[in-house]
Amino acid sequence: MNKMELKFSATLENEALARIAISSFIAPLNPSLEDISEIKTMVSEAVSNAIIHGYGFDMSRDVILRCELEKRTLTIIVIDYGKGIENLEEAKRPHYSSRPDLERAGMGLTIMETLADDFEIRSVYGMGSKVIIKKNIALKGEYVS
Ligand SMILES: Nc1ncnc2c1ncn2[C@@H]1O[C@H](COP(=O)(O)OP(=O)(O)O)[C@@H](O)[C@H]1O
Ligand SMILES: [Mg+2]
């Protein structure tokens with residue numbers, strides 16, 4: 001198993017860092033552009049949620065991105081120790097956003113659930129949230145759908 005962990009300040013400036021880190025981490029597997037793009041999208045959604053909703057843009061707080069690679073199965077874990085989610089069912093509903101004022105589309109969790117081979121979100125209100133994404137990285141040229 002190959003693994004890496006990245007801890008960074010809760011600012012949207014670091015969203016690009018998280019995207020590049022995950023791309024570099026999976027690069028040795030020679031992934032398809034489609035897989036790279038989907039994986040970057042999921043990381044962006046999870047990391048932006050931690051920054052915006054978990055920490056309310058409080059840059060003094062840390063977001064953790066943990067990645068594990070077992071053969072071609074990638075596990076991405078994004079952790080924040082922020083606000084947490086009071087009602088997970090409501091949060092997961094397509095188009096639901098607690099911050100429509102920020103023009104959030106409320107589709108982040110739905111997108112992650114759709115793109116991932118396995119998706120889980122755990123949260124304790126007042127304690128923080130953890131997103132666990134699994135994605136099988138196809139061999140190039142391999143038909144997946
Ligand atoms: N890490 C998190 N911490 C606290 N709340 C979260 C977190 N991730 C998601 N949420 C809650 O779930 C809702 C839905 O998230 P999402 O589908 O990404 O939509 P959006 O980010 O556009 O609001 C958010 O509006 C927020 O209330
Ligand atoms: Mg979101």
Side-chain angles (χ1 to χ4, degrees), residues 1-29 31-138 143-145:
M1 194 200 38
N2 187 18
K3 61 183 187 319
M4 71 100 162
E5 192 172 297
L6 192 62
K7 186 159 101 176
F8 52 87
S9 302
T11 167
L12 288 177
E13 279 170 41
N14 284 331
E15 199 180 322
L17 169 72
R19 290 168 62 91
I20 289 162
I22 190 79
S23 310
S24 305
F25 183 68
I26 61 170
L29 277 77
S32 67
L33 289 177
E34 187 182 5
D35 277 349
I36 296 170
S37 154
E38 290 182 1
I39 288 162
K40 283 160 92 175
T41 298
M42 292 189 284
V43 165
S44 279
E45 293 296 340
V47 162
S48 63
N49 278 353
I51 296 166
I52 297 167
H53 305 299
Y55 291 134
F57 301 99
D58 178 356
M59 207 183 157
S60 71
R61 310 298 301 279
D62 293 334
V63 178
I64 295 165
L65 169 67
R66 195 177 285 159
C67 302
E68 293 172 5
L69 203 45
E70 181 74 62
K71 300 218 173 108
R72 298 190 77 86
T73 302
L74 173 69
T75 304
I76 302 164
I77 300 171
V78 176
I79 300 169
D80 71 71
Y81 297 100
K83 193 166 162 241
I85 301 171
E86 196 168 13
N87 185 339
L88 257 183
E89 226 168 279
E90 176 185 56
K92 285 170 97 172
R93 205 176 297 144
H95 306 294
Y96 170 82
S97 178
S98 56
R99 297 298 305 268
D101 53 310
L102 296 175
E103 301 194 10
R104 307 297 302 169
M107 289 302 287
L109 298 177
T110 306
I111 288 167
M112 286 185 265
E113 193 145 38
T114 305
L115 296 180
D117 289 308
D118 193 67
F119 173 79
E120 205 184 317
I121 179 162
R122 294 181 201 159
S123 189
V124 179
Y125 195 49
M127 297 282 279
S129 305
K130 185 185 208 174
V131 165
I132 305 164
I133 292 163
K134 279 193 194 292
K135 181 86 175 164
N136 296 312
I137 298 173
Y143 260 110
V144 282
S145 53

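Order of appearance sets the numbers: ligands from 1, and atoms from 1 within every ligand. FYI, side chains are in, hydrogens and waters are out, and symmetry mates aren't considered; it's all heavy atoms of this structure.
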Enumerated ligand 1 atoms positioned under 4.0 Å from heavy atoms of [X]:
X: Gly108; answer: 16 (P), 17 (O), 18 (O), 19 (O)
X: Gly54; answer: 2 (C), 3 (N), 4 (C)
X: Ser129; answer: 1 (N), 2 (C), 3 (N)

Examine distances only and state if a side-chain atom of [X] and a backbone atom of [Y] form a donor-acceptor pair shorter than 3.5 Å.
X: Arg72; Y: Leu29; answer: yes
X: Asp35; Y: Ile137; answer: no
X: Lys135; Y: Leu115; answer: yes
X: Tyr55; Y: Ala50; answer: no
X: Asp117; Y: Asn136; answer: yes

**Study point:** Location of contacts on His53 toward ligand 1, heavy atoms closer than 4.0 Å
**Key:**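 Both backbone and side chain.
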Exercise for review: Of the side chain and backbone of Ser97, name the one, both, or neither that has a heavy atom under 4.0 Å from an atom of ligand 1.
Suggested key: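 Within the 4.0 Å criterion, Ser97 contacts ligand 1 through backbone and side-chain atoms alike.
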**Study point:** Closest to atom 11 (C) of ligand 1 (judged by heavy-atom distance), picking from Ala105, Gly82, Ala91, Gly106
**Key:** Ala91
Review point. Just going by heavy-atom distances, which of Ile85, Ile52, Ile121, Asn49 is nearest to atom 10 (N) of ligand 1?
Key: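 The nearest heavy atom belongs to Ile85.
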Return the minimal non-hydrogen interatomic distance between [X] and [Y], and the atom names on each side.
X: Ala18; Y: Val43; value: CB-CG1, 3.8 Å
X: Tyr125; Y: Glu86; value: CD1-N, 3.4 Å
X: Arg93; Y: Thr110; value: C-OG1, 4.4 Å

Study note, to complete from the structure: min-distance protein heavy atom vs atom 25 (O) of ligand 1 -> Ser98 N, 2.8 Å
Review point. How far is atom 1 (N) of ligand 1 from its nearest protein heavy atom, and which residue and atom is that?
Key: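 Looking at atom 1 (N) of ligand 1, the protein heavy atom closest to it is Asp80 OD2, 2.8 Å.
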Point to revise | Partners meeting side chain to side chain contact (heavy atoms under 4.5 Å, CB included) with Thr75 (sequence neighbours left out) | key: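 Result, side chain to side chain contact (heavy atoms under 4.5 Å, CB included) vs Thr75: Glu68, Ile77, Ile132, Lys134.
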Practice item. Run through the protein N/O/S atoms less than 2.8 Å from the Mg ion (ligand 2) and write them out by chain and number. Key: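 Sorted hits: Asn49 OD1.
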Review point. Under 4.0 angstrom from ligand 1, any heavy atom of Met107?
Key: yes
Review point. In chain order, what residues pass the side-chain hydrogen bond (donor to acceptor under 3.5 Å, both in side chains) check against Ser123, with sequence neighbours excluded?
Key: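 side-chain hydrogen bond (donor to acceptor under 3.5 Å, both in side chains) list for Ser123, sorted by chain: Ser129.
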Review point. Residues two or more places apart in sequence or in another chain: which of them pass side-chain hydrogen bond (donor to acceptor under 3.5 Å, both in side chains) with Asn87?
Key: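 Once residues adjacent in sequence are excluded, Asn87 has no partner under the side-chain hydrogen bond (donor to acceptor under 3.5 Å, both in side chains) criterion.
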